[in-house]
Amino acid sequence: MIRPMFSLKHTLESGQFFRWTRRGEGDYAVHTGRALFRARQEGGALRVEGASPEIAREFFSLDHDLTSIDAALRRDPKLRPALDAYPGLRLLRQDPWECTAAFILSIASNIPRIAGNIADLARVYGDLSRLGDVESHEFPGPRAFVDERELRRLKLGFRAAYLVQAGRLAAGGLLEEIEGLPTEEAKDALMVMPGVAEKVADCVLLFAYGRLSAFPVDTWIRKVMTEMHFGGRRVPDRAIRAFAQERWGDLAGYAQQYLYHWSRNAWTPASSRGRRAVSRV
DNA sequence: GGCCAGGTCCAAT
DNA sequence: ATTGGACATGGC
């Protein structure tokens, strides 16, 4: 395969996608939509088994001109540490329903738990796929989620009701209609779904529909943005989104993903600087 | 053990 | 148009 600016590791491990397992250094099994494949990256070359190069190219957004995106964002000095930390990190193009469900499950949760919830749903409702020695269940279609009690037994909590109702709307074709809409209208359409408000809608726009201007504001982005750009004072999320739009325009989504990943792993907030070092896994 | 987690919804200012 | 709590569950 070609060798664009790309890091499989940084892309998969940046918290935008939950259906992967690491098999070794630079070696991953990926399950997205109906595609189960193995992806390996050694010395820059990307090798894919179990899916066509077209599928991989689409999923990993290898058509994005990341060299230009990086150069443009790099003109912002405050973004450089995050850009330098994760060269080759790309926004994915995920399956819309799978992505919507995943970020409904993300509400007031954390990455390990989200991944666990998704794996449970797939195990219970999804068809089994095989690729060599890898077994993985497909993420179930929107019609699978009809029984809220059953979902609560899988420990989805209050998210269970959201998932059932969002599934109903998705089964009715809502997510297909969104494809051709301008981003603002697409966002309004997504927000018709229970459990989908500004933040989740922005995640779906960014991670599934390739709307690179979308800027999801979660607790981490709120923290890093208020400290870096608002003097540490709490401001409405809409002010943060407006600031991001103004500063990064159509690349705000890329800025967001680098900032998100960086703020969780490398960034030391001024509020805790000078105290004991924070240790993370 | 209380607090917070890639929030959302609803009711009461 | 804003603000405070409730909502399930798990991890620290």
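Note on naming: letters A, B, ... go to the chains in the order of the sequence lines (proteins, then strands), and numbering restarts at 1 for each one. Atom set for the values below is all heavy atoms of this structure, side chains included, hydrogens, waters and symmetry mates excluded.
What separates CG of A:Asn117 from P of C:dG10 is a distance of 9 Å, to the nearest Å. The interatomic distance linking A:Asp120 (CG) with C:dT9 (C1') rounds to 13 Å, in whole Å. Between the CD1 atom of A:Ile114 and the P atom of B:dG7 there is a distance of 8 Å, given to the nearest Å. Distance, A:Lys187 NZ to B:dT8 C1': 14 Å, rounded to whole Å. Atom CZ in A:Arg238 sits roughly 9 Å away from atom C1' in C:dT2 (whole-Å rounding). The separation between A:Arg149 atom CZ and C:dA8 atom C1' is 14 Å, rounded to whole Å. A straight line from CG of A:Asp237 to P of B:dG7 spans 10 Å, rounded to a whole angstrom. Per the geometry, CD1 belonging to A:Ile104 stands 10 Å off P belonging to B:dT8, to the nearest Å.
Two residues are said to be in side-chain contact when any heavy atoms from C-beta on lie closer than 4.5 Å; A:Asp70 and A:Met5 meet this criterion. Using a 4.5 Å cut-off on side-chain heavy atoms (C-beta onward), A:Glu42 and A:Arg47 make no contact.
Residue A:Val200 is in sugar-phosphate contact alone, with no base atom involved, counting any heavy-atom pair closer than 4.0 Å across all strands shown. Counting non-hydrogen atoms under 4.0 angstrom, A:Ile111 reaches the backbone sugars and phosphates but no base. Base contact: A:Gly15 has a heavy atom under 4.0 Å from a base atom. Contacts of A:Pro236 with the nucleic acid, taken as non-hydrogen atoms under 4.0 Å apart, are absent.
For the P atom pair drawn from C:dC7 and B:dG1, the interatomic distance equals 23 Å after rounding to whole Å. Atom name C1', nucleotides C:dT2 and B:dG6: the rounded distance is 23 Å, in whole Å.
Counting only heavy atoms from C-beta on, A:Lys155 has its side chain closest to C:dG10 among C:dA8, C:dG10, B:dG6. Checking C:dT9, B:dG6, B:dT8 against the side-chain heavy atoms of A:Arg113 singles out C:dT9 as nearest. For A:Gln257, the side-chain atoms get nearest to B:dG6 when compared with the rest of B:dT8, C:dC7, B:dG6. Each of C:dG10, C:dA8, B:dG7 was ranked by its minimum atom distance to the side chain of A:Arg159; first place goes to C:dA8. The side chain of A:Ala197 has B:dC9 as its nearest neighbour among C:dA8, B:dG7, B:dC9.
Comparing A:Pro112 and A:Val196 along DNA chain B, the residue whose closest nucleotide (by nearest heavy atom) sits nearer the 5' end is A:Pro112.
For A:Phe145 and A:Tyr162, the ring centers sit 6.0 Å or farther from each other.
No hydrogens or angles considered: nothing links the side chains of A:Tyr86 and A:Glu13 as a donor-acceptor pair under 3.5 Å.
A salt bridge links A:Glu148 to A:Arg152: at least one charged side-chain nitrogen sits closer than 4.0 Å to a carboxylate oxygen.
Taking a centre distance below 5.5 Å and an interplanar angle below 30 degrees as the stacking criterion, A:Tyr260 stacks against the six-membered base ring of B:dG6.
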